[in-house]
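For reference, the structure discussed in these notes is given below.
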Protein chains: 2
Amino acid sequence: MEPLRRKALVDAALRAIGENGSLAVPMAEIARHAGVSPALAHHYFGSKEQLLIETIRSLLRQLRADAVAALTAAQTPRARVSAIIRVNFQAHQFAPETVAAWLAFYSEAQRSDAVRRLLFTYARRLRSNLVASLKHLAGTDDAARIAEGVAALIDGLYLRQGLKSAPISIAASQALVEDYVSAELAQRQARHTSQETQA
Amino acid sequence: MEPLRRKALVDAALRAIGENGSLAVPMAEIARHAGVSPALAHHYFGSKEQLLIETIRSLLRQLRADAVAALTAAQTPRARVSAIIRVNFQAHQFAPETVAAWLAFYSEAQRSDAVRRLLFTYARRLRSNLVASLKHLAGTDDAARIAEGVAALIDGLYLRQGLKSAPISIAASQALVEDYVSAELAQRQARHTSQETQA
DNA sequence: TTTTGTTGATTGATTGATCAATTAAAAATA
DNA sequence: TATTTTTAATTGATCAATCAATCAACAAAA
């Protein structure tokens with residue numbers, strides 16, 4: 001029973017948080033979503049905070065699995081970059097409830113060290129993956145800079161999607177990031193070429 | 001007394017929210033920051049929600065004033081774009097307490113229509129200002145796309161700053177956005193030139 | 001019988017909001 | 001000016017609601 005209940009409660013927490021747009025959703029509501037009593041949620045997770053942390057872990061685990069799969073399929077460095085971008089814009093990542101949950105977690109990171117560590121670890125891995133691929137396409141400095149830009153763009157587009165007043169679609173958001181990478185690489189290419197011309 | 005108290009309470013709310021990283025800060029703590037009793041805060045604002053809304057209004061008002069000043073000083077379209085970017089990266093906008101408050105407000109926008117409307121209005125004005133200037137430098141479609149990119153970049157860099165695990169400085173963040181604009185405009189220029197060559 | 005799963009009832013703490021009471025300031029009146 | 005009256009400012013005390021957490025009790029399975 002235990003693994004079943006744990007999964008059901010984690011899924012229920014994500015759903016409840018998404019619906020509510022806040023981590024301040026009562027344990028009772030989460031438990032109701034999972035079809036159990038509030039007492040049982042405490043029995044298995046000990047505290048609300050622990051359940052929330054497990055919920056974030058579950059989100060990140062899924063994201064990582066998707067990323068690994070996408071990266072394995074990609075053959076060239078440029079394709080790897082696109083794969084990373086694509087994973088972050090996957091449909092279920094952009095589902096309103098998921099976006100709402102992410103936003104709530106980011107906000108919570110300001111108070112909880114544990115949550116901050118989790119999000120930080122994810123951010124580092126994302127950057128690391130991006131830099132590794134970009135290094136084949138640009139110098140170390142440019143790779144780091146572009147990686148930071150891509151990560152910020154993804155976060156920003158995510159945030160704006162969360163406001164629902166989104167002026168652009170998911171596909172357009174993804175295209176915007178792709179375009180950023182292309183423009184930056186092209187600009188670097190041009191700089192490089194002009195330097196050779198000058199020399 | 002009334003205007004004095006209102007201002008003191010709004011400032012106190014911003015500070016308390018920033019310190020706490022959440023809108024869930026008790027009215028009593030906000031009142032304490034302002035040196036008055038909790039009852040007085042209710043007396044002047046009626047409810048906690050109203051005080052929070054006035055607090056956001058105050059933030060947006062300041063930002064708008066800064067933007068107007070910066071835009072007035074800028075002479076060329078490109079300088080206007082830089083001015084808008086610069087204002088958003090002003091030191092006091094990046095103060096930890098301000099970033100924390102912004103994040104909390106974004107999260108709150110998912111629940112409160114009033115808050116969402118306020119943030120949406122600000123986002124629309126930012127976009128409008130950007131597009132107006134960019135139209136002098138690129139076509140309508142490109143202008144809209146680049147404006148969205150700039151806005152998303154600003155939001156994303158802001159978000160990442162909020163996690164404190166910021167790998168890059170404020171100046172570097174600002175430079176990154178500037179570079180995005182330059183790269184996009186250069187890419188457009190290149191596309192345009194090659195088309196002429198082909199023709 | 002022992003272990004595991006499960007819940008209803010309850011508790012203790014937090015907190016937004018209210019209100020009667022108090023003080024201080026201002027206005028009106030003598 | 002002095003006195004009374006009215007208005008504004010302010011607070012301590014308290015209420016009512018919410019909620020995480022606990023626990024004793026019960027059911028089911030091993």
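Naming: A, B, ... by sequence-line order, numbering from 1 per chain.
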Legend entry - Ring centroid separation A:Phe94 to A:Tyr158 under 6.0 Å: yes

Legend entry - Any B:Tyr106 side-chain heavy atom under 4.5 Å of B:Val115 side chain: no

Legend entry - d(CZ, B:Phe45; P, D:dA9) in whole Å: 13 Å

Legend entry - Validation row: A:Arg188, A:Glu184 side chains within 4.5 angstrom (heavy atoms): no

Legend entry - Side chain proximity check, A:Ser37 to A:Leu40, heavy atoms < 4.5 angstrom: yes

Inset, instruction - Using only heavy-atom distances, determine whether the side chains of A:Thr121 and A:Arg125 contain a donor-acceptor pair under 3.5 Å. - result: no

Legend entry - B:Ser47, nearest nucleotide to its side chain (from D:dA20, C:dA17, C:dT15): C:dA17

Inset, instruction - Answer yes if the side chains of B:His33 and B:Glu19 hold a donor-acceptor pair under 3.5 Å, and no otherwise. - result: yes

Inset, instruction - Would you give a per-nucleotide map of nucleotides 22-30 of chain D, 5' to 3', where B means the base has a protein non-hydrogen atom under 4.0 Å away, S means only the sugar-phosphate does, and - means neither? - result: BB-------

Inset, instruction - Tell me whether the OP1 or OP2 atom of C:dT6 has a side-chain N or O from A:Arg5 closer than 4.0 Å. - result: yes

Inset, instruction - Check the distance between C:dA9's P and A:Leu40's CG and give it to me in whole angstrom. - result: 17 Å

Inset, instruction - Identify, with sequence neighbours excluded, every residue that meets salt bridge (charged side-chain N to carboxylate O under 4.0 Å, His left out) alongside B:Arg111. - result: B:Glu108

Inset, instruction - Take atom CD of B:Glu29 and atom P of C:dG16, then tell me their distance rounded to the nearest Å. - result: 10 Å

Inset, instruction - Grab the CD1-C1' distance between B:Ile30 and C:dG16 for me, whole Å please. - result: 11 Å

Inset, instruction - Could you check B:Glu178 against B:Ser82 for side-chain hydrogen bond (donor to acceptor under 3.5 Å, both in side chains), going step by step and ending with a plain yes or no? - result: CA-CA 7 Å; B:Glu178 282 290 345; B:Ser82 290; 2.8 Å; yes

Between the protein and nucleotides 5-8 of chain D, which nitrogen or oxygen pairs are less than 3.5 angstrom apart?
none

Legend entry - Euclidean distance, atom CG of residue A:Leu51 to atom P of D:dA21 [Å, nearest integer]: 10 Å

Inset, instruction - Round to the nearest Å and state the distance from B:Arg6 atom CZ to D:dA9 atom C1'. - result: 14 Å

Inset, instruction - For A:Leu9 and C:dG5, give me the distance from atom CG to atom C1', rounded to whole Å. - result: 13 Å

Legend entry - Nucleotide D:dT10, atom P - distance to CE of B:Met27 in whole Å: 15 Å

Inset, instruction - Go through the side-chain N and O atoms of A:Thr72 and A:Arg80 and say whether any donor and acceptor fall under 3.5 Å apart. - result: no

